Amino acid sequence: MNLTPDQTIYWQRGIITINATLVFTWLIMFLLVLGSWLVTRKLSPSTNISRGQNLLEVLVLGIGNQIKEVSQQEPKPYVPFIGTLFIFIAVSNLLSFIPGYQPPTGSLSTTAALAICVFFAVPLYGIKKQGLMGYFKKYYLQPTPFMLPFNIIGRFSNTISLAVRLFGNVMSGTMIVGILLSIAPLFLPIPLQAMGLLTGAIQAYIFAILAMVSIAAATTNN
Amino acid sequence: MDINSASVIAAALAIGLAAIGPGIGQGNASGQAVAGIARQPEAEGKIRGTLLLTLAFMESLTIYGLVVALVLLFANPFA
């Protein structure tokens with residue numbers, strides 16, 4: 001049984017391998033870029049807007065509101081990063097109702113890459129907001145300097161848990177469907193696939209919110 | 001006991017033990033949410049959203065156990 005889409009290899013020469021994770025990630029990137037290009041090509045400020053513009057406005061405003069609720073700050077600088085994470089994970093999870101599609105988030109390489117992006121975004125945003133010394137004082141020497149090692153461990157364990165949480169949820173969803181397909185292939189996998197769609201959307205939301213929480217911890221002053 | 005049978009037992013223990021805590025926690029959370037909705041039916045939407053979020057957090061602890069179990073079964077680094 002294939003545990004992750006990493007094991008489905010389409011093309012290989014030397015150390016360069018094209019596996020299902022890469023191919024489906026490219027597919028999602030293509031879809032997202034094409035969709036946003038088509039929509040933003042003809043934006044209009046009037047009240048008579050196209051469906052796509054309506055969708056994008058709802059998405060961007062909703063993400064901004066969530067960020068504001070979590071961090072109590074102006075959402076503007078965070079919307080591009082958090083929104084990209086959310087939309088990419090949500091699309092890659094929700095497309096799994098297409099037969100033959102393997103969600104790239106079901107591979108530990110994808111989720112680890114996303115978590116590492118968060119790992120580097122936290123100090124970037126923190127230093128930009130509070131300066132180098134302010135960031136280190138605020139983020140690593142709280143509540144006392146003796147907590148420094150635990151704070152450092154916390155940074156890494158946070159990243160690992162982000163990656164493993166998303167990977168485990170998506171992978172276990174596809175795996176349960178695969179097991180059910182081999183023992184009771186008629187109708188029975190359908191409700192579990194529907195639940196997979198629900199957990200996929202929730203996991204995308206949770207990933208974005210957790211990324212925002214750790215960024216907010218590095219950027220707020222008190 | 002060779003490494004293969006030890007891995008199978010360890011996988012069973014990993015997922016079994018990891019299911020206990022989140023099970024209790026999710027039961028608690030859902031019970032409190034139902035009590036909250038019964039007391040204040042107009043707050044149902046907000047309670048449901050928060051409940052789903054917290055349930056997914058607890059769920060992820062079991063998922064860690066599941067990942068360890070699956071790694072032991074299908075991608076064992078020692079066998």
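None of these values were measured; they are calculated from a predicted model.
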- Query: Counting a contact as any heavy-atom pair under 4.5 Å apart, which residues of residues 160-173 of chain A contact chain B?
  - Reply: A:Ser161, A:Val164, A:Arg165, A:Phe167, A:Gly168, A:Asn169, A:Met171, A:Ser172

- Message: Only heavy atoms, only distances under 4.5 angstrom. Which residues in residues 204-212 of chain A are near chain B?
- Response: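 Within residues 204-212 of chain A, the residues under 4.5 Å from chain B are A:Tyr205, A:Ile206, A:Leu210.
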
- Between CG of A:Asn19 and CG of A:Leu22, what distance do you get to the nearest 0.5 Å?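 Going from CG on A:Asn19 over to CG on A:Leu22, the span is 5.0 Å.
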
- Message: Checking B:Val34 now: which residues fulfil side-chain contact (heavy atoms from CB on, under 4.5 Å) with it, not counting sequence neighbours?
- Response: none

- Identify, with sequence neighbours excluded, every residue that meets side-chain contact (heavy atoms from CB on, under 4.5 Å) alongside B:Asn4. B:Asp2, B:Ala79

- Message: If we define contacts as heavy-atom pairs under 4.5 Å, which of B:Leu70, B:Leu66, B:Val71 has the most with chain A?
- Response: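 Of the candidates given, the most pairs with chain A belong to B:Leu70.
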
- Item | Parallel, tilted or perpendicular: rings of A:Tyr101 and A:Phe24 (30°, 60°) |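 Plane angle over 60°, so perpendicular.
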
- Identify which one of A:Asn93, A:Thr111, A:Thr174 satisfies the side-chain hydrogen bond (donor to acceptor under 3.5 Å, both in side chains) criterion when paired with A:Thr105.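 When A:Asn93, A:Thr111, A:Thr174 are each tested with A:Thr105, the side-chain hydrogen bond (donor to acceptor under 3.5 Å, both in side chains) holds only for A:Asn93.
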
With side chains defined as the heavy atoms from C-beta onward, is the minimum distance between [X] and [Y] less than 4.5 Å?
| X | Y | answer |
| --- | --- | --- |
| A:Ile49 | A:Glu57 | yes |
| B:Thr62 | B:Ile15 | yes |
| A:Leu197 | A:Ser96 | yes |

- Message: I'd like to know whether CZ of B:Phe78 has more than 12 heavy-atom contacts from other residues, nucleotides or ligands below 6.0 angstrom.
- Response: no

